[in-house]
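First up is the structure itself, then whatever we jot down about it.
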2 protein chains.
Amino acid sequence: MLKSKITLKDIARELEVSVSTVSKALKNSEEISRDTKEKVQAFARLYNYKPNNIAISLKNKRTKNIGVVIPDIVHYFFNTVVRGIEKYANAKGYNVIVCLSEESFDKEVINMEMLANGSIDGFIMSLSSETQAKKDYNHLKEVTQQGIPVVLFDRITNEVDCDKVVIDDQLGAYTATQKLLQQGRKRVALITTDDYLSVAKSRTEGYTKALLDAGIPVRDELILKLPTMEMDEEAIRDFFNNTDMDAILCVNEIFAVFSIRIAMEKGFKVPEDISIIGFTDGMLAKYANPSLTVVAQHGERMGEISAKMLIDKVEDESDEEIFQTKILEPTLVLRDSTIN
Amino acid sequence: MLKSKITLKDIARELEVSVSTVSKALKNSEEISRDTKEKVQAFARLYNYKPNNIAISLKNKRTKNIGVVIPDIVHYFFNTVVRGIEKYANAKGYNVIVCLSEESFDKEVINMEMLANGSIDGFIMSLSSETQAKKDYNHLKEVTQQGIPVVLFDRITNEVDCDKVVIDDQLGAYTATQKLLQQGRKRVALITTDDYLSVAKSRTEGYTKALLDAGIPVRDELILKLPTMEMDEEAIRDFFNNTDMDAILCVNEIFAVFSIRIAMEKGFKVPEDISIIGFTDGMLAKYANPSLTVVAQHGERMGEISAKMLIDKVEDESDEEIFQTKILEPTLVLRDSTIN
DNA sequence: CTATTTTACGAAAACGGTTTCGTGTTAATA
DNA sequence: TATTAACACGAAACCGTTTTCGTAAAATAG
């Protein structure tokens with residue numbers, strides 16, 4: 001009972017006209033007589049004709065698909081970015097193909113290769129940690145050299161010529177640290193990841209700068225550098241056991257809410273005894289007990305902007321190579337894990 | 001400097017052979033001499049030839065794309081399902097196009113129409129709440145009638161002929177409620193959504209059944225039915241103010257962790273004074289304070305199974321119409337919001 | 001009434017592949 | 001030596017569109 005899709009050829013045969021006539025009639029071309037147009041359009045409507053996207057893609061070398069390659073989708077931040085991309089892209093008639101690199105260089109490469117052979121009109125990506133560690137961006141360079149536009153967001157590199165969207169991570173960390181110091185905290189710790197992650201590096205810089213600007217020396221023993229953004233409960237527990245601190249800045253919300261728990265387990269009162277701030281204004285931050293003060297990264301905004309930048313490039317005929325980097329301002333969202 | 005992709009025709013011209021020869025040579029066809037094959041393959045490798053996916057899709061009417069339409073991606077559950085789908089699909093060489101209906105019937109329809117014209121080989125979906133409320137499944141029926149395979153998961157309907165994957169929601173709620181009763185709780189409340197949501201209905205049934213089986217009457221004042229899965233802090237706060245309860249079962253983790261907070265605000269100790277169980281074993285459940293006992297829905301598993309079912313159908317030539325419904329067992333994950 | 005312009009349509013190429021079938025050349029067989 | 005089979009390749013159709021260009025017939029102009 002499988003009534004397969006009807007094609008132009010089918011309509012042409014049935015109405016005893018040529019395929020070209022049908023095509024034109026459906027596009028309301030001036031070339032076709034009123035009579036014929038009405039006949040064709042009525043027939044098409046009746047049989048619910050819809051042009052085949054693939055054929056159209058092949059013809060005009062445009063797929064109306066956007067490839068999104070991100071390290072993971074479980075971190076709330078990436079989640080919101082995808083939502084922002086989706087929103088803008090769909091409104092513009094584009095579909096979003098999501099691929100997860102899972103922080104793996106190889107997967108990132110494979111995913112890009114899968115998509116780069118005609119499946120998409122452009123890429124929006126955030127680099128995997130492995131890629132940032134390796135500093136190998138050849139897969140990106142190849143793609144851009146083929147004329148496929150790329151927009152990098154959040155985890156970016158300057159070695160690729162493309163548009164970029166980030167928040168001012170350094171400023172975010174700076175503001176947060178400053179906030180902690182203003183509360184009278186003396187021993188502000190930092191839980192971050194290795195410096196190869198671009199965002200972690202910037203945030204560490206912001207933290208350091210804030211301390212120095214306040215005339216406080218940076219003490220290495222107050223900084224915990226985890227290898228990746230992945231949760232390592234043991235490491236954080238150990239850090240707590242061996243460190244005397246009265247405030248913590250964390251590079252994501254997961255580290256932060258987990259820190260809240262450990263702090264409470266160790267008998268600290270949050271925020272009375274210890275203040276904690278995280279990055280990413282997600283579910284965890286909102287619903288943690290106590291709720292978490294965070295640096296909001298405006299992921300949805302970021303997604304929308306990335307999508308707009310990409311689609312503008314895709315639809316711009318003139319292939320002038322002007323690349324811009326958009327820097328969003330982070331916002332400090334005050335909640336109950338700090339004294340406000 | 002835009003070196004556009006190289007095509008078969010380019011290779012043919014350069015090597016002074018025909019396009020067909022090149023095509024066959026690259027496929028290592030027996031028809032082509034060793035010499036020619038080597039020449040062609042070397043050339044292709046040198047210029048990094050990759051066949052154009054769109055052309056191939058057009059030719060064999062297979063896109064190797066899967067369309068995923070879900071209500072939202074911020075709920076952890078859908079998130080994990082997408083991850084599962086991605087994982088399986090990618091391993092099989094398929095791409096995943098994610099579309100968000102945002103609980104809107106219209107968006108669901110539009111998204112499906114966008115994809116149903118050749119862009120994908122099949123759909124994996126979970127119905128929007130509006131769709132379940134309207135009970136209008138014509139967009140799904142049209143698609144299946146066109147021979148496009150569909151797999152429904154979690155929020156399903158029996159009115160569409162297709163494969164389905166769900167967890168046994170009733171059992172999950174039953175087990176959870178039973179657990180609460182076994183702890184000696186007498187006034188077990190339920191925070192759920194309107195019955196039109198298939199999962200909410202099943203969970204309410206499980207809750208009811210568990211109470212009745214234990215000889216406890218179901219009291220309407222212990223049940224809060226929110227209109228949708230969206231958070232309504234006021235409603236939950238009111239519920240707390242007007243209800244005397246010593247345990248709550250919530251249909252998602254967000255309602256549950258928020259309930260924990262309100263309970264604590266009202267001076268209850270969790271789990272000593274009140275026990276709380278939610279659905280979805282997500283970040284919130286893991287990192288809430290106290291951590292949340294939940295009914296795990298095994299989203300990733302569900303995604304993998306959905307993807308497998310879909311791809312099996314897509315790749316199965318014989319169009320026998322046998323549809324199966326896979327029911328996964330929920331698991332109760334004990335944490336600190338209940339006495340264990 | 002002829003010459004020219006519209007009008008309305010069809011043929012064919014193109015997008016980038018795959019695949020069937022035909023054929024000229026060479027080598028093997030009778 | 002004549003016949004046939006094997007080999008190696010090319011022409012062309014096809015997937016479903018769009019678009020350019022050519023042209024017969026009808027309409028208008030002269």
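Every chain is numbered from 1 and lettered A, B, ... according to where its sequence line falls, protein lines coming before strand lines.
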Go through the N and O atoms of the side chain of Lys24(B) and the base of dT20(C), and report whether any donor-acceptor pair is under 3.5 Å.
yes
Students often get this wrong, so: under 4.0 angstrom with heavy atoms, is Ser57(B) touching a base, only sugar-phosphate, or nothing?
nothing
Look at the side chain of Thr21(A) and the base of dA8(C), then say whether one donor and one acceptor between them are separated by less than 3.5 Å.
no
Integer-rounded Å distance: dG16(D) P and Lys9(A) NZ:
7 Å
With a 4.0 Å limit, can you tell me whether Tyr49(A) has a side-chain N or O closer than that to the phosphate oxygens OP1/OP2 of dT17(D)?
yes
Please check if any side-chain donor atom of Ser104(A) sits under 3.5 Å from a side-chain acceptor atom of Glu130(A), or the reverse.
no
OP1 or OP2 of dA8(D) sitting under 4.0 Å from any side-chain N/O of Ser33(B)?
no
Ser23(A) side-chain N/O to dT18(D) phosphate OP1/OP2 under 4.0 Å
yes
Minimum-distance nucleotide (side-chain atoms of Asn52(B) versus dT17(D), dG17(C), dT20(D)):
dG17(C)
Quick one: does Ser20(A) reach the base of dA11(C) with a side-chain donor-acceptor pair under 3.5 Å?
yes
Pair of N/O donor and acceptor under 3.5 Å linking dT18(D) base with Lys59(A) side chain:
yes
Would you say the side chains of Asn53(B) and Ser119(A) form a donor-acceptor pair under 3.5 Å?
yes
